[in-house]
Amino acid sequence: MNERYEPQSIETRWQERWARAGVFKAGRRPQAEPRYVLEMFPYPSGAMHMGHARVYTIGDALARWLRMRGHDVLHPIGFDALGLPAENAAIKDGRHPAERTAENIVSFRAEMKRLGYAFDWDREIVTADPSYYRWNHWFFVKMLEKGIVYRRQGKANWCTGCMTVIANEQVVDQACERCSSQVVDKVIGEWAFRITSYAEQLLAGLDGLTEWPERITTMQRNWIGKSTGAEVDFAVQGGAEKIKVFTTRVDTIFGCTYVVLAPEHPLTAALTRPERRPEVEAFVARMKKTEAAERTGEGAPKEGVFTGAHAVNPFTGETVPVWIANFVLAEYGTGAVMSVPAHDQRDFEFARKYALPVRTVIQPVAGERTPPGELLAAATTEDGVTDGSGAFSALPSAQARERMSAHAAAGRFGGSTVRWHLRDWGFSRQRYWGTPIPIIYCETHGAVPVPLDQLPVTLPPQAIITGTGEPPLAKVPEFVETTCPTCGKPARRETETMDTFVDSAWYYARYLSPRDATQPFDRELARRWLPVDVYVGGPEHAVMHLLYFRFWHRVMHELGLTAEPEPCRRLVTQGIVNGPDGRKMSKRWNNVVAPGYMVDRFGADTVRLFMLFAAPPEKDIDWSDEQVDGLFRFLTRVWRLFHGRQACFAAPEAAAAQASGPFLELRRRTHRTIKKVTEGMQQDLKFNTAISALMELMNELQGLEPNGEAEQAAVREALLALATLLAPFAPHVAEELWHEMQGPAAADRLLAEEPWPAFDAALTVADTVTIAVQVNGKLRGDVQVPAAATEAEVRAAAEAQEKVQGYLAGKAVKKVVYVKGRLINYVVAG
RNA sequence: GGGCGGGUGGCGGAACUGGCAGACGCGCGGGACUUAGGAUCCCGUGCCGAAAGGCGUGAGGGUUCGACCCCCUCCCCGCCCACCA
């Protein structure tokens with residue numbers, strides 16, 4: 001055994017051994033309970049960074065642990081290779097994305113192997129491979145048949161940087177989520193998934209996801225954005241048109257003093273009276289020119305113009321003016337609102353600005369009455385009791401809403417309705433590096449899906465990538481020109497490609513049978529492995545990938561491919577790895593630390609331990625060279641410890657039972673450590689405290705010099721536990737030390753698949769306990785008593801202490817609280 | 001504005017179900033070994049205090065024999081959403 005810990009000299013060796021033995025292949029234990037551990041697959045547009053090292057280390061520790069617990073573990077990896085970022089990066093350095101991506105994948109694979117990740121590499125998938133994306137085609141065709149895919153014409157989000165349409169989920173503050181360029185509206189045709197038909201299911205399904213972080217389910221809930229309210233038609237005075245408004249507060253309708261349309265509302269032009277036309281047109285034109293963020297941002301001042309038209313409130317028969325204003329969004333609700341300035345803050349501000357009447361119609365359930373509109377300083381937006389609302393007066397808001405909705409429905413001028421924030425997922429991309437959309441346009445037959453037996457539609461290698469906005473595939477005649485599958489006449493292929501999020505929506509299922517040429521994945525295997533047991537990834541995917549992923553799984557479930565409607569049981573969202581300065585690692589701050597460089601310096605085990613020890617998985621961490629030094633030092637100490645105790649390796653196991661004194665304490669520590677690490681992993685992935693328990697065990701071992709068989713056996717037991725418990729976290733050094741201990745007898749075994757140790761419950765409880773002694777809740781001493789001591793014995797021992805006596809002397813003891821094994825508290829007078 | 005997290009030593013973080021706050025690591029101080037130490041080992045390390053002791057989990061209040069933990073009021077930080085009618 002080498003005296004010095006040199007990770008470089010052992011890590012590669014064990015990686016090769018594991019690979020040769022195939023220990024990480026899934027399906028090797030058909031009798032065992034299966035576990036599917038998945039980390040979000042990487043997007044190889046650049047090199048592997050610390051964030052990747054963190055996710056995969058977390059997943060890997062878990063997968064390795066589950067394997068040792070006896071499970072049949074599926075822990076696959078692949079590459080999310082298609083998509084805009086890869087294409088943009090390739091354009092930037094003038095290379096073909098296929099070439100660049102392939103290079104990046106080679107480097108990722110090497111780095112991952114160097115970190116010792118227990119992946120089943122036989123199952124690796126690359127989404128850019130036609131054998132993968134042909135199943136995107138397959139799903140597209142199936143979904144087209146079912147009406148889940150459709151072509152629509154309309155305003156779409158156009159990213160001015162990526163020169164393509166992007167999905168709603170990819171727009172952040174009017175900018176592109178990827179490249180931060182401005183996003184503008186563009187009228188264009190696009191393909192979309194009818195995810196909105198699944199809104200109700202996707203929302204309801206969240207209730208069952210009890211092992212997802214609440215913040216993620218909340219974000220999804222908000223994004224789906226169910227809002228229950230009412231629609232009410234306001235007839236335009238002197239015209240045939242009706243203005244349909246959406247409100248969640250129909251109980252306030254008697255307080256409606258005007259109606260507002262969005263500038264883009266289709267009725268705007270028709271309603272405007274001739275004398276108001278110039279002003280209205282100027283306003284609308286100005287709004288169209290103003291950037292959306294500026295126009296509708298919360299800070300933007302409310303602005304509007306009167307159309308000259310009036311509409312009739314069907315509840316009151318009253319006539320109210322119709323305005324156009326910047327704060328009403330065309331795409332939400334009906335693009336028109338009934339304004340109730342007394343009970344909506346936006347309406348209130350607008351009414352004050354343009355001197356419109358304010359009428360109070362809701363009174364608080366208890367307390368002071370709300371003053372009349374003229375005297376209000378702000379809107380009162382809480383529910384209350386209706387007032388001045390005709391036949392609907394004196395009703396609690398909720399009840400008023402019900403009755404008023406029913407009234408509107410009965411009179412056929414409205415009724416209750418549900419609105420969603422979620423929109424359909426537009427997935428057309430006017431770019432090259434994506435899955436071609438398998439559609440052929442025929443003059444006679446229109447848009448014809450490519451028949452299943454003619455799939456895949458392969459991405460032509462020679463596309464000219466310009467990023468100019470016109471689909472690059474349109475410039476490849478050999479690709480575009482084809483014949484209609486229905487009539488055989490000349491026809492043209494669709495030149496748009498699919499959003500990358502299509503690839504990642506179902507990849508986890510492809511891992512089940514990655515080379516299957518007849519179906520997207522094997523249903524029988526799906527029954528065994530799905531849903532995913534634990535999914536690890538970044539919280540930034542809360543409303544993009546994770547929503548599409550759930551949507552797609554439901555579609556697969558409907559297609560009869562999966563048994564369960566949800567794709568994954570437990571979600572773990574890991575925090576960011578910041579630079580040593582606490583700022584996000586970035587070239588800009590010059591604080592990037594490359595995982596490969598750290599593996600070179602300290603070995604994979606140290607890097608892995610850092611990732612797990614720094615903080616619980618969900619917290620952000622700062623890279624710290626000092627902490628890394630500390631963890632390397634820990635492994636060095638472990639190494640030396642084993643080296644110095646080689647004499648114990650052969651001690652007979654049974655002799656440990658004879659150990660006494662500090663060596664019995666050591667045995668207790670050993671079993672408590674097994675218990676702590678096991679339970680920590682089971683409950684909450686408490687890697688950080690698990691590792692700290694191993695450090696404690698090591699510290700205790702370091703102070704002991706065993707003599708004789710019994711003591712040596714106790715040490716042997718502790719060393720064996722230490723090596724075994726370390727295996728999920730620092731697998732290489734654990735494997736090496738374990739083999740050193742086991743000797744040639746275990747030469748053909750591997751710790752990676754040895755059983756996880758069990759603890760002896762009898763040894764996890766101490767025979768002596770320290771009881772804290774309190775007087776009036778303040779700590780005044782402690783006593784050592786046998787664990788089995790009775791309350792009377794503990795009292796006697798406590799009261800025998802001089803110091804305690806000092807606090808009790810001359811005082812009347814009113815009460816004694818005794819908590820077994822923990823403390824005794826004397827409550828005294830004065 | 002809404003939602004969700006969070007606030008504990010110099011730092012990262014521990015703390016069972018309301019029961020000895022600060023495990024473990026880093027850093028720091030002291031010592032040993034050494035030609036040397038940025039290697040290694042040992043000891044110490046919440047704050048104030050010479051000590052006795054007192055004070056301490058963002059602030060203030062409450063419940064309790066006992067509160068980082070439960071309740072109320074407030075402050076601050078992070079993330080997500082946001083003129084959503």
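Because only heavy atoms are used, hydrogens play no part in the values below, and waters and symmetry mates are left out as well, while side chains stay in. Below, read A as the first sequence line, B as the second, and so on, with proteins coming before strands; counting in each chain starts at 1.
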Heavy atoms only, 4.0 Å cut-off, all strands: where does [X] land among base, sugar-phosphate and nothing?
{"X": "A:R640", "answer": "sugar-phosphate"}
{"X": "A:G630", "answer": "sugar-phosphate"}
{"X": "A:P616", "answer": "sugar-phosphate"}
{"X": "A:V827", "answer": "sugar-phosphate"}

Name the closest nucleotide to the [X] side chain, picking from [options].
{"X": "A:M219", "options": "B:rC41, B:rC80, B:rG5", "value": "B:rC80"}
{"X": "A:R633", "options": "B:rU40, B:rC83, B:rA85", "value": "B:rU40"}
{"X": "A:L329", "options": "B:rA85, B:rC4, B:rG25", "value": "B:rA85"}
{"X": "A:K778", "options": "B:rC41, B:rC55, B:rC83", "value": "B:rC55"}

> Whole-Å distance between B:rC26 P and A:I621 CD1?
Replying inline: 16 Å
>> Determine whether a donor-acceptor pair (one donor, one acceptor, N or O, separation below 3.5 Å) exists between the side chain of A:Q627 and the base of B:rG25.
In response: yes
> So, does the side chain of A:R249 form a donor-acceptor pair with the base of B:rA85 at under 3.5 Å?
Replying inline: no
[N] to [M] separation - [atom1] atoms, rounded to the nearest Å:
{"N": "B:rA67", "M": "B:rU57", "atom1": "P", "answer": "11 Å"}
{"N": "B:rG19", "M": "B:rA15", "atom1": "P", "answer": "13 Å"}
{"N": "B:rG22", "M": "B:rG46", "atom1": "C1'", "answer": "7 Å"}
{"N": "B:rC33", "M": "B:rA21", "atom1": "C1'", "answer": "37 Å"}
{"N": "B:rU45", "M": "B:rA51", "atom1": "P", "answer": "13 Å"}
{"N": "B:rG13", "M": "B:rG9", "atom1": "P", "answer": "12 Å"}

> OP1 or OP2 of B:rC80 sitting under 4.0 Å from any side-chain N/O of A:R221?
Replying inline: no
> A:K814 side chain N/O closer than 4.0 Å to the phosphate oxygens (OP1, OP2) of B:rC65?
Replying inline: no
> Considering every strand shown, what is the Watson-Crick or G-U wobble mate of B:rA50 when both distances are under 3.5 Å?
Replying inline: none
>> Does the structure show a Watson-Crick or G-U wobble partner for B:rC41, both distances under 3.5 Å? Name it, or say none.
In response: B:rG31
>> Minimum heavy-atom separation for A:L612 and A:I691, please, with both atom names.
In response: CB-CD1, 3.7 Å
> Between A:Y548 and A:W425, how do the two ring planes meet: parallel, tilted or perpendicular, split at 30° and 60°?
Replying inline: parallel
>> By nearest heavy atom, map A:K619 and A:R423 onto RNA chain B; which one lands nearer the 5' end?
In response: A:K619
> On RNA chain B, nearest-nucleotide positions of A:S624 versus A:R780: which is more 5'?
Replying inline: A:S624
> What is the distance from atom CG of A:L666 to atom CG of A:L704, rounded to the nearest 0.5 Å?
Replying inline: 5.5 Å
>> Against the six-membered ring of A:F327, is A:R346 placed for a cation-pi contact (under 6.0 Å from the centre, within 45° of the normal)?
In response: no
>> Just confirming the chi classification of B:rG9, syn or anti, using 90° around 0 as the syn window.
In response: syn
> Once each nucleotide of nucleotides 15-24 of chain B is scored for protein heavy atoms under 4.0 Å, what B/S/- sequence comes out, 5' to 3'?
Replying inline: SB--BB--BB
> Can you check whether A:T380's main-chain N or O pairs, donor with acceptor, with A:H343's side chain at less than 3.5 Å?
Replying inline: yes
>> Please tell me whether A:T386 and A:D251 have a donor and an acceptor in their side chains that are separated by less than 3.5 angstrom.
In response: no
